[in-house]
2 protein chains.
Amino acid sequence: MVETADARRAHAAFVQPEQACPIAPVLDIVFSRWTTPILWTLNEYGRQRFMELQRTIATITPKVLTQRLRQLERDGLIVRTYHPEVPPRVEYEISDLGRSLAPLFATLSEWVEGNLAKVEQARQEFDAAEQRPAGR
Amino acid sequence: MVETADARRAHAAFVQPEQACPIAPVLDIVFSRWTTPILWTLNEYGRQRFMELQRTIATITPKVLTQRLRQLERDGLIVRTYHPEVPPRVEYEISDLGRSLAPLFATLSEWVEGNLAKVEQARQEFDAAEQRPAGR
DNA sequence: CAGGATCCATAAGGATACTG
DNA sequence: CAGTATCCTTATGGATCCTG
């Protein structure tokens, strides 16, 4: 039996896509602001101290860096190690769970490499059509 | 020649991870708010009208829906078709470029399925350690 | 050094009402 | 129906100062 497009569209009216969309949960976890640069840095360059991260990310403020690191630690994606010395030393490294995101990031890189140019082109064409032809 | 961790960390100080992180460009394109539910819906249920989308997404307001649809159209991920009738009819469908995100979404779903529970568990353990043991 | 606390600017998003 | 326009609330991030 073939499911028609109309049947699928009728069904669409009964689901809540925020819940139905199965990737929604990841967004808050790995794609909050600053999280990908942090994870990427820790994955590429290994364990780093707080100040190292701040220098590496460059445009992030200590407050926001702290917030994001806490969230990532709470979600189990990074590991925070506190060394009780004077002055104190704290090191962050990516966890196994964090490393499990690698294939995902790889897929993303591939998409960027293959399709970002197409997006740029689409934008130029869209913007070029400033004299709206119809229906705007 | 083996690149040491220290060498890599030293190098990290000289790059700008916002630019170095190769997936940064995708975030604004496909992971802006509401974009994944929209793309997911159009990909799953096919072409839909404005009101259908609004009913499907349920908690989105027309203003925001319009904004997101414009952005997706500009980026070439969806196609907008205007039918000059009375009342007017507008249909949205996913483009080939938008469909090229399918493997990405699939990878995401897999990660969610396999690892979301671990995140939940990490959160509970983190929250359970309210009596901060050290370094907080 | 690694942050916590505080205050402030900006902007994204929601609610509501209205139009071609 | 498919949006626009307007107003307003809230969330996010930046700047600054301070501390164990």
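Within every chain, numbering begins at 1; the chains are lettered A, B, ... in the order of the sequence lines, protein sequences first and strands thereafter. These numbers come from a predicted model, not from an experiment.
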Could you state the CD-P distance from A:Q48 to C:dG3, rounded to the nearest angstrom?
14 Å
Rounded off to whole Å, could you give me the CD-to-C1' distance for the B:Q54 and C:dA15 pair?
13 Å
Give a yes/no answer on whether the side chain of A:R49 brings an N or O atom under 4.0 Å of OP1 or OP2 in C:dA2.
yes
For the backbone of B:L104 and the side chain of A:T107, can you confirm whether one donor and one acceptor N or O come within less than 3.5 Å of each other?
no
Can you tell which of C:dA2, D:dG14, D:dG3 lies closest to the side chain of A:W34?
D:dG14
Whole Å only: how far is the CZ atom of B:F50 from the C1' atom of C:dG20?
15 Å
When you measure from the side-chain N and O atoms of A:Y92 to the phosphate of C:dG3, is any distance below 4.0 Å, counting only OP1 and OP2?
yes
Heavy-atom side-chain proximity of B:E52 to B:E91 below 4.5 angstrom:
no
Name the closest nucleotide to the A:R70 side chain, picking from C:dA2, C:dG4, D:dT4.
C:dG4
B:R89 side chain: which of D:dA15, D:dA2, C:dG3 is closest?
D:dA2
Between A:Q67 and A:P88, name the one whose nearest nucleotide on DNA chain D is closer to the 5' end.
A:Q67
Could you tell me whether the phosphate oxygens of C:dG14, OP1 or OP2, come under 4.0 Å of any side-chain nitrogen or oxygen in B:R33?
yes
Using whole Å, what does the distance between atom P of nucleotide D:dT12 and atom CZ of A:F31 come to?
18 Å
Just to confirm, is there a sub-4.0 Å distance from OP1 or OP2 of C:dG20 to any side-chain nitrogen or oxygen of B:Y82?
no
What's the CG-P distance between B:L65 and D:dT4, to the nearest Å?
11 Å
Testing D:dG3, D:dG13, C:dG14 for proximity to the side chain of A:R68, the answer is D:dG13
Would you say the base of D:dG14 and the side-chain of A:K63 have a donor-acceptor pair closer than 3.5 Å?
yes
Which of the following nucleotides, C:dG4, D:dA2, D:dG14, is nearest to the side chain of A:T66?
C:dG4
Under 3.5 Å, side chain of B:S95 to main-chain N/O of B:G76, donor-acceptor pair present?
yes
Specify the separation, in whole Å, of atom CD1 of A:I60 and atom P of D:dT12.
14 Å
Please give, in whole Å, the distance from C:dG14 C1' to B:I57 CD1?
16 Å
Between C:dG3, C:dG13, D:dG13, which nucleotide gets closest to the side-chain atoms of A:V90?
C:dG3
Just say parallel, tilted or perpendicular for the rings of B:F105 and B:W40, cut-offs at 30° and 60°.
parallel
Per A:M51 side chain, nearest of listed nucleotides D:dG14, C:dC1, C:dG3
C:dC1
Just to confirm, is there a sub-4.0 Å distance from OP1 or OP2 of D:dG3 to any side-chain nitrogen or oxygen of B:R80?
yes
Is it true that A:Q121 and A:E125 share a donor-acceptor pair across their side chains at a distance under 3.5 Å?
yes
Hey, is the main chain of A:P22 close enough, under 3.5 Å, to the side chain of B:E113 for a donor-acceptor pair?
no
Whole-Å distance, A:Q71 CD to D:dG13 P, equals 10 Å
